[in-house]
K.L.:
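Provided herewith is a single structure, encoded as structure tokens, for subsequent inquiry.
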Amino acid sequence: MLSTVPVLAGAIRLAELGSDAQITAYNARFVAAPFPVALHIFCATLFCLLGAFQFDATIRLRYPRWHRMAGRAVASAGILTALTGAWLAQWSLIPSELQGELLYLVRLVVASAMALAITLAVGAVQQGHLTQHRGWMIRAYALGQGAGTQVIIMLPFTLLFHAPTYFTRDALMAAAWALNIIFAEWIIRRQSPLAKFH
């Protein structure tokens with residue numbers, strides 16, 4: 001559900017890149033570097049949609065081979081999502097009302113944390129540490145779902161006041177990632193270590 005709006009927005013962005021849409025101050029950065037934008041959208045969509053099924057215990061038990069194969073795809077897509085996200089934050093010419101210093105730094109931290117969490121998750125499962133693997137993938141998935149939570153946070157604010165810009169926008173978007181991580185840690189800690197994973 002959290003993926004719905006970002007996935008639709010990504011599809012619209014891809015359609016825009018493939019058309020002769022008018023270049024504006026808000027889409028010029030996407031037109032200037034379409035490949036990393038398209039790769040980010042594709043990988044983020046795969047990570048969010050396919051990744052959701054990786055947490056279903058029934059699927060893991062009935063189709064363990066599928067879980068492993070899909071897991072490789074999800075991990076690869078997640079790493080590429082994080083790397084392209086960091087690239088876009090660093091090199092895209094984002095208007096200041098859409099990204100200030102706070103959001104810039106938060107995006108780099110989130111991208112790095114997401115890539116690190118996936119790397120640790122892969123390392124844990126290779127060593128047979130399933131509880132740690134699950135915990136790190138939950139954290140990575142929570143970070144990857146930031147865009148969906150941002151919609152939930154920013155939509156009511158926009159309806160009540162106006163579309164946030166500058167520091168307010170930065171703070172609200174950062175809060176979405178913070179809420180996701182808090183929720184992820186709550187999920188990890190409320191599960192019994194290994195019994196519920198199997």
Side-chain angles (χ1 to χ4, degrees), residues 1-19 21 24 26-56 58-60 63 66-67 69-89 91-92 94 98-99 103 106-115 117-118 121 136-159 163-164 169-170 172-184 187:
M1 290 176 65
L2 281 177
S3 301
T4 303
V5 174
V7 166
L8 288 176
I12 292 171
R13 181 68 67 195
L14 288 177
E16 182 182 35
L17 289 175
S19 67
T24 67
Y26 294 100
N27 69 8
R29 67 187 188 276
F30 302 125
V31 177
F35 178 73
V37 173
L39 184 60
H40 182 73
I41 292 171
F42 174 78
C43 291
T45 299
L46 180 63
F47 181 75
C48 289
L49 297 184
L50 184 59
F53 295 96
Q54 291 297 95
F55 297 105
D56 188 293
T58 302
I59 293 177
R60 286 199 307 271
Y63 310 102
W66 184 91
H67 177 75
M69 291 175 60
R72 294 186 184 99
V74 168
S76 300
I79 292 289
L80 286 173
T81 298
L83 293 178
T84 52
W87 191 97
L88 291 169
W91 299 110
S92 292
I94 304 175
L98 297 182
Q99 176 179 273
L103 184 55
V106 168
R107 279 175 165 160
L108 292 182
V109 169
V110 166
S112 301
M114 182 174 166
I118 295 172
W136 285 116
M137 284 308 300
I138 288 174
R139 293 180 182 102
Y141 193 74
L143 291 171
Q145 287 288 352
T149 307
Q150 285 162 1
V151 173
I152 293 175
I153 289 177
M154 296 180 74
L155 183 59
F157 185 94
T158 301
L159 293 175
R169 178 186 173 89
D170 286 14
L172 290 175
M173 293 185 74
W177 278 304
L179 284 174
N180 280 12
I181 280 298
I182 291 170
F183 187 65
I187 290 175

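Please read these numbers as outputs of a predicted model, since none were measured by experiment. Heavy atoms only: backbone and side chains are in, while hydrogens, waters and symmetry mates are out. We number each residue from 1, following the sequence as shown.
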K.L.:
Rounded to the nearest 0.5 Å, what separates atom CG in Leu80 from atom CG in Leu46?
P.N.:
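It is 10.0 Å, given to the nearest 0.5 Å.
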K.L.:
Please find the pair of heavy atoms, one from Ile181 and one from Arg139, that lie closest to each other, and give the distance.
P.N.:
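Result for this residue pair: CD1-O, 4.0 Å.
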K.L.:
If you look at every heavy atom in Thr81 and Ala44, which pair is closest and at what distance?
P.N.:
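Scanning both residues completely, I find the closest heavy atoms to be OG1-N, 3.1 Å.
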K.L.:
Can you find a heavy atom in the side chain of Phe47 that is under 4.5 Å from one in the side chain of Ile118?
P.N.:
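Yes. Closest side-chain heavy atoms under 4.5 Å.
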K.L.:
Considering only heavy atoms from C-beta outward, does the side chain of Phe53 approach that of Tyr63 to under 4.5 Å?
P.N.:
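The answer is no; the side chains never approach within 4.5 Å.
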K.L.:
Which heavy-atom pair separates Trp177 from Gly146 by the least distance, and what is that distance?
P.N.:
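Scanning both residues, the minimum pair turns out to be NE1-CA, 3.4 Å.
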K.L.:
Looking at every heavy atom in both Gln150 and Ala176, which two are closest together, and how far apart are they?
P.N.:
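Minimum heavy-atom separation between Gln150 and Ala176: CG-CB, 3.4 Å.
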K.L.:
Do Val5 and Leu155 have side chains that get closer than 4.5 Å, going by heavy atoms?
P.N.:
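No, their side chains stay 4.5 Å or more apart.
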K.L.:
Do Phe183 and Gln145 come close enough that some side-chain heavy atom pair is under 4.5 Å?
P.N.:
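Sidechains of Gln145 and Phe183: no contact.
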K.L.:
Looking at Ala184 and Ala142, what are the two nearest heavy atoms and their distance?
P.N.:
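Between these two residues, the closest heavy atoms are CB-CB, 3.7 Å.
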K.L.:
Side-chain contact, heavy-atom cut-off 4.5 Å: Arg107 with Met173?
P.N.:
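When only atoms from C-beta onward are counted, Met173 and Arg107 do touch, with a gap below 4.5 Å.
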K.L.:
Ignoring hydrogens, what is the shortest heavy-atom contact between Gly144 and Cys48? Give both atom names and the distance.
P.N.:
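Closest heavy-atom pair between Gly144 and Cys48: O-SG, 3.6 Å.
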K.L.:
Suppose we screen for side-chain contact (heavy atoms from CB on, under 4.5 Å). Which residues come up paired with Pro6, at least two apart in sequence or across chains?
P.N.:
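For Pro6 the side-chain contact (heavy atoms from CB on, under 4.5 Å) partners, ignoring immediate neighbours, are Ala147.
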K.L.:
Hey, what do you get for CG (Leu143) to CD1 (Ile138), rounding to the nearest 0.5 Å?
P.N.:
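Rounded to the nearest 0.5 Å, the CG-CD1 separation comes to 12.0 Å.
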K.L.:
If you count the non-hydrogen atoms of other residues, nucleotides and ligands that lie under 6.0 Å from CZ in Phe157, is the total more than 12?
P.N.:
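Yes, the 6.0 Å shell around CZ holds more than 12 heavy atoms from other groups.
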K.L.:
Please step through side-chain contact (heavy atoms from CB on, under 4.5 Å) for the pair Ile153 and Leu179, ending with a clear verdict.
P.N.:
CA-CA 10 Å; Ile153 289 177; Leu179 284 174; 3.6 Å; yes
K.L.:
More than 12 heavy atoms of other residues, nucleotides or ligands under 6.0 Å from CH2 of Trp66: is that the case?
P.N.:
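Check passes, neighbour count above 12.
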K.L.:
Check salt bridge (charged side-chain N to carboxylate O under 4.0 Å, His left out) between Arg13 and all other residues, then give those that pass, not counting sequence neighbours.
P.N.:
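Once residues adjacent in sequence are excluded, the partners of Arg13 under the salt bridge (charged side-chain N to carboxylate O under 4.0 Å, His left out) criterion are Glu16.
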K.L.:
Supply the atom-to-atom distance Ile94 CD1 to Leu88 CG, rounded to the nearest 0.5 angstrom.
P.N.:
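That separation rounds to 7.5 Å.
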K.L.:
What distance separates Thr45 OG1 from Leu8 CG, expressed to the nearest 0.5 Å?
P.N.:
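With rounding to 0.5 Å, OG1 (Thr45) is 9.5 Å from CG (Leu8).
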K.L.:
Any sub-3.5 Å donor-acceptor pair from Trp136's side-chain atoms to Ala117's backbone N or O?
P.N.:
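Judged by distance alone, no pair lies under 3.5 Å.
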K.L.:
Do Thr4 side-chain atoms and Met1 backbone N/O form a donor-acceptor pair below 3.5 Å?
P.N.:
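Looks like yes, one N/O pair under 3.5 Å.
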K.L.:
Report the residues that fulfil side-chain contact (heavy atoms from CB on, under 4.5 Å) with Ala38, sequence neighbours left out, ordered by chain and then residue number.
P.N.:
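Applying side-chain contact (heavy atoms from CB on, under 4.5 Å) to Ala38 gives Leu14.
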K.L.:
Please check if the side chain of Arg60 supplies one atom and the backbone of Phe55 the other of a donor-acceptor pair under 3.5 Å.
P.N.:
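At least one qualifying donor-acceptor pair exists.
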K.L.:
Counting distance only, does the side-chain N/O of Gln54 pair as donor-acceptor with the main-chain N or O of His67 below 3.5 Å?
P.N.:
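Checking the backbone N and O of His67 against the side chain of Gln54, a donor-acceptor pair under 3.5 Å is found.
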